[in-house]
Asker: 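Sharing a structure below in structure tokens format, with a few things to ask.
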Amino acid sequence: MTDTETKELQAKEKTQVATPAEQTMPGIVFTPAVDIFETDKEITLLADIPGVEAKNLNIDLRDDTLTFTGVIEPFEGPDEEDILIEYEVGSYYRQFTLSEVIDQSKIDAQLNDGVLRLHLPKVEKATPRQITVKTG
Amino acid sequence: MILRRIHYPTFNLRSTFEELERMRSEMDRLFGQATGSILSRPAAGVFPLINLTEDKEKFYVRAELPGVKADELNISATGKNLTISGERKIASRGNDVRYHRREREAGKFSRAIALPGDVEVDNVEASLVNGVLTVSVPKAEAVKPKQINVK
């Protein structure tokens, strides 16, 4: 099943991280656009982080706080001069608090075409057992 | 200063200069008119946003297109004009999912850009790596800078 909507994409400027008070990364840091959705079994997170290579992506889950950081390596040639600059290039940073208990050992991350896909499976709850009381 | 205290309560380790610089950028951010940085930039307002650079040999057109596959992208060059069009598709998740955030958008796009000099249309190359499109357009022989030897 695919989306049938064919609306025009609007140009959006990237949002800079609002409170860089504790920032230790050099350069500009952006908040990537994300989709987060949940089924009974897992939470899936999709984030647009164009330009980040897999080796420069850092995902960290500590207690219930999920943090991911993507650092961009400069890719322009040494003698390139700017003519028109409409977007800035910078790192990505975003942090979430997860409400459900996540099975940390089964977290799976993929990076394809600049989109990070993070599967966060929930801990399997113990199946409720019916206990029969014997008389005798 | 009261405002600053609210925003940065643990702000006493940095030097005065850094504090002034931070204050300036914070003010710029609040008033939405950062000096020479991202907020004041005039953009065409058409997706995708484009960065155009050049070196002696080529023009480079770059655009961020995360989640767009190479075969969903259409690039054509006519004279000095370059057109980038395509569609960004986001698969639907069905009805049994609950969304917490939905910020990514899908849709069609088309962007035309006029290059500032004559180019060799036949040798345009495009690559899509990690969601970043790079189109390199060789400059026409006549526009390339020539080294002139002084006798």
Side-chain angles (χ1 to χ4, degrees), chain A residues 1-14 16 18-22 28 30-40 43-54 72 75-90 96 98-99 111-116, chain B residues 7-8 10-11 22 25 29 37-39 41-56 59-60 62-70 87-94 96-111 113 115-116 128-132 134:
Chain A
M1 202 169 116
T2 49
D3 249 353
T4 45
E5 60 181 332
T6 48
K7 59 172 181 172
E8 295 270 312
L9 267 176
Q10 298 299 308
K12 251 201 263 179
E13 291 210 1
K14 296 197 267 186
Q16 267 185 275
T19 49
E22 300 290 319
I28 316 170
F30 294 107
T31 306
V34 298
D35 281 356
I36 303 175
F37 50 91
E38 173 178 359
T39 61
D40 293 337
I43 296 175
T44 308
L45 183 147
L46 296 169
D48 289 342
I49 46 169
V52 177
E53 290 174 45
I72 299 267
F75 47 81
E76 291 193 355
D79 343 306
E80 278 184 46
E81 282 174 37
D82 296 345
I83 303 175
L84 168 76
I85 300 297
E86 289 183 348
Y87 68 86
E88 296 278 345
V89 176
F96 297 97
L98 301 168
S99 54
L111 184 64
N112 283 321
D113 305 320
V115 179
L116 167 70
Chain B
H7 280 299
Y8 306 107
T10 58
F11 193 81
R22 178 181 294 280
S25 61
R29 194 179 66 79
S37 94
I38 185 162
L39 292 167
R41 183 148 289 117
V46 182
F47 187 93
L49 295 179
I50 275 172
N51 280 357
L52 176 63
T53 58
E54 66 172 339
D55 62 12
K56 283 175 185 161
F59 293 112
Y60 299 93
R62 290 197 179 85
E64 293 186 333
L65 297 166
V68 177
K69 300 261 185 301
E87 185 174 355
R88 186 179 184 213
K89 291 173 183 162
I90 294 178
S92 166
R93 313 294 168 202
D96 55 340
V97 299
R98 299 181 293 284
Y99 272 95
H100 294 279
R101 300 277 190 288
R102 203 169 188 176
E103 300 165 355
R104 301 166 67 244
E105 288 175 0
K108 287 184 175 168
F109 56 88
S110 179
R111 171 83 197 255
I113 184 162
L115 296 168
L128 189 59
V129 181
N130 290 324
V132 178
T134 305

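These numbers come from a predicted model, not from an experiment. Side chains included, hydrogens not; waters and symmetry mates left out as well; all remaining heavy atoms used. We name chains A, B, ... by the order of the sequence lines, and we start the count at 1 in each one.
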Asker: Provide the closest heavy-atom pair for A:Gly114 versus B:Pro66 in the form atom of the first, atom of the second, distance.
Answerer: O-CB, 3.6 Å
Asker: For a quick test of reading the model, state the closest non-hydrogen atom pair linking B:Phe109 to A:Leu9 and the distance between them.
Answerer: CD2-CD1, 3.7 Å
Asker: With a 4.5 angstrom heavy-atom cut-off, could you sort out which part of A:Leu46 is near chain B: side chain, backbone, both or neither?
Answerer: both
Asker: Name the option with the most non-hydrogen atom pairs under 4.5 Å to chain B; the candidates are A:Val115, A:Asp40, A:Asp48, A:Val52.
Answerer: A:Asp48
Asker: Measure from the side-chain N and O atoms of A:Asp82 to the backbone N and O of B:Thr53, and report whether any donor-acceptor pair falls under 3.5 Å.
Answerer: no
Asker: When you measure from the side chain of B:Asp96 to the backbone N and O of A:Thr39, does any donor-acceptor pair fall under 3.5 Å?
Answerer: no
Asker: Does any part of the side chain of B:Ile113, heavy atoms only, come nearer than 4.5 Å to the side chain of A:Leu84, both counted from C-beta?
Answerer: yes
Asker: Between A:Pro32 and chain B, with a heavy-atom cut-off of 4.5 Å, which part of the residue counts as in contact: side chain, backbone, both or neither?
Answerer: backbone
Asker: Check each atom of B:Tyr60 against the heavy atoms of chain A and say whether the ones under 4.5 Å are side chain, backbone, both or neither.
Answerer: side chain
Asker: Measuring from B:Glu64:CD to A:Glu86:CD, what's the distance to the nearest 0.5 Å?
Answerer: 11.5 Å
Asker: Could you look at B:Ile50 and say if it's the side chain, the backbone, both or neither that has a heavy atom under 4.5 Å from chain A?
Answerer: both
Asker: Quick check on salt bridge (Lys or Arg N to Asp or Glu O under 4.0 Å): which of B:Arg88, B:Lys89, B:Lys69 does A:Asp113 satisfy it with?
Answerer: B:Lys69
Asker: In Å, rounded to the nearest 0.5 Å, how long is the span from CD of A:Glu81 to NZ of B:Lys56?
Answerer: 9.5 Å
Asker: Is there side-chain contact between B:His100 and A:Phe96, with heavy atoms separated by less than 4.5 Å?
Answerer: no
Asker: Sub-3.5 Å donor-acceptor pair from the side chain of B:Glu103 to the main-chain atoms of A:Val34, do we have one?
Answerer: yes
Asker: Donor-acceptor pair, distance only, cut-off 3.5 Å: does the side chain of A:Asp79 make one with the backbone of B:Asp55?
Answerer: no
